[in-house]
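What follows is one structure encoded as structure tokens, with my remarks underneath.
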Amino acid sequence: MKTNIVNTASGKANVSALFFVKKSVQFSNVLSENAVTQVESVLNGMKDGPFEDLELLEIDGVSTIFVDAAKERGLSALDHLRMSAYRLAKRACKRQIPTVSIMLADAAPEQFKSILHGLHYADYKFDAYKSKQKDAFQVTFEIVAGEQVAEFKKIAEEVAVEHKAVVLAKNLINTCASDLTPAEFVDNANAIAKYTPGLSIKVRNMKQLEKEGFMGLVTVGKGSSHEPYMITLSYDGTKPARKGAAKVAAKSAKIADKNARTSADHLVLVGKGLTFDTGGLCLKPPKSMPEMISDMSGAATVLAAIQAIATLELPIKVSTVCCLAENAIGFKSVLPGDIFKAKNGKTVMVDNTDAEGRLVLSDGLAEAGEIGATHIIDIATLTGAMVRALGYAVAGFFCNDDDLGLKVINCGEACCEKFWSMPLEEEYADALKDKFADLKNTGSDAGAIAAALFLQEFVPENTAWAHWDIAGTAFVNKTWKYTEYGATGFGVQTLIELARRMSKADEESIENDAVVSEDEYKVC
Ligand code: BES
Ligand code: ZN
Ligand code: ZN
């Protein structure tokens, strides 16, 4: 797919695309009077039932595709646009139309963004394992942007960066487990760190993890022939070398004295990275096992997000911690009933070897604390209970900080990713207590809540924290919105948006602060 953003239509496109909702055409101010009349009569003729989406008609001498932007139930207006653009691109590709012109001169920036996302989604295919790879037909989309050309070009660059990240996450998740072991995940992360300016990387292997007491990863990973790893990637967009960053740093230092929660924000993203989850000795049933190639979705999501955040040079400090292991059966596998001491000193009895995600995440949360997180988001395909509760369309999240929780929901909405707030229900906390150890890794029947309460035991003090359980949303086994089968890339865009909004809030408050202090100075 190629996009060409232009001021006015070149007239060279083979087909022109028109988005409509019921009887009204969207983004229509570039149509001639004659065309408007013809389009109106076409749309009026729809009253006997829904118009056949993407029908090709002659309007004012131009071959025109009508794209219905209001068909799906339960989706936001922006998501309708994504879906419509996705369908448009698929059809244009199937019909082998070389150039499609889209009239967007009066589209709002977020509408344009949605359309672009839809076009990008249509471009994704994962055929690495097919014996024959087919070259997809390349469609060029001429975006008629009127006076918004410059702004739309900037948006297009950002969306391209975001989608590169989404594709990275999806490819990693879709790759089978024997081809993406923890060590191979590390290779990918090393390459990304090497080619992304501003990203630095630290990798700990099994020996180092053991030496430093990251025993959750060691306990889960030691049963496999593929050793576990922890990756910490760091990016600091507030460094004085960047524009405006000196101000950011000064402001950060000032607030740090007042309140640890709102000091120089350091957002740490922690990802569950089980390159495969057999369940360990508490073996999973065969039916639900193949999908466990996606049990490293959290790690893939945070790796992809930081790649984009660094590429976009967002003025914020962000780190990611990927907790990588394979939960396998071997002669060294952890035994049910075994007890280990976690990095924060708490002892844990492994009641069920299939509840391994929370064990590796305990180390990720500890590492987040060690590197000075003010905000932590952990992302994990953690529980089957969450799949049963919310399915594949909505991710459940748990949060100890209202401000962060609201941001998650709002950023998700802006990115067409749905989040539902779940309770950290204290009444179930006692169920995590063990007779011998401080904790056990199973709890109440409310499985997703039990897992979140377990994680909460490892969240560093004074830290805003959210836990996203993406077990349902990370991977789909049937077509869902703009994903045909497999990894959805869920969460990548919301994380980028969160970093974007957090960085903006920081910059805005710095500016306000600077004005106040300047005035104060004059009065004195
Ligand atoms: N990786 C699974 C959770 C999962 C289930 C992810 C379905 C994606 C789709 C996790 O490690 C797991 O097995 N959790 C157990 C915990 C239980 C044994 C306490 C579960 O939810 O069944
Ligand atoms: Zn498991
Ligand atoms: Zn798992």
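Whatever order the structure lists them in is the order used to number ligands and atoms, beginning at 1. Numbers here simply count residues along the sequence, with the first being 1.
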The atom name of the N, O or S atom in Asp295 nearest to the Zn ion (ligand 3) is OD2
Are Glu184 and Thr181 close enough that a side-chain donor and a side-chain acceptor fall under 3.5 Å? yes
Region of Leu382 that comes within reach of ligand 1 [heavy atoms, distance under 4.0 Å]: backbone
Counting only heavy atoms closer than 4.0 Å, does ligand 1 sit against the backbone of Met386, its side chain, both, or neither? neither
Plane angle bin for Tyr124 and Phe126 - parallel if under 30°, tilted between 30 and 60°, otherwise perpendicular: parallel
Output yes if Asp277 passes the N/O/S-under-2.8 Å test against the Zn ion (ligand 3); output no otherwise. yes
Strictly under 4.0 Å, does any heavy atom of Lys284 approach an atom of ligand 1? yes
Pull out every atom of ligand 1 sitting under 4.0 Å from any heavy atom of Asp295, numbered as shown with elements. 1 (N)
Those atoms of ligand 1 less than 4.0 Å from some heavy atom in Glu356: 11 (O)
Can you tell me if CD on Glu426 sees more than 12 non-hydrogen neighbours from other groups inside 6.0 Å? no
Ligand-residue contact atoms, ligand 1 with Arg358, heavy atoms, under 4.0 Å: 16 (C), 19 (C)
How far is atom 9 (C) of ligand 1 from the closest protein heavy atom, and which atom is that? Met292 CE, 3.6 Å
When the ring planes of Trp480 and Tyr392 are compared, do they come out parallel, tilted or perpendicular, using 30° and 60° as the limits? perpendicular
Classify the ring geometry of His163 against His120: parallel below 30°, tilted from 30° to 60°, perpendicular beyond 60°. parallel
Of all N, O or S atoms in Glu356, identify the one at the shortest distance from the Zn ion (ligand 2). OE1
Between Tyr86 and Lys481, do the side chains contain an N or O donor and an N or O acceptor separated by less than 3.5 Å? no
At less than 2.8 Å, would any N/O/S atom of Lys272, backbone or side chain, sit next to the Zn ion (ligand 3)? yes
Side chain or backbone of Asp354 under 4.0 Å from ligand 1, or both, or neither, by non-hydrogen atoms? both
Show me which atoms of ligand 1 lie under 4.0 Å from any heavy atom of Asn352. 18 (C)
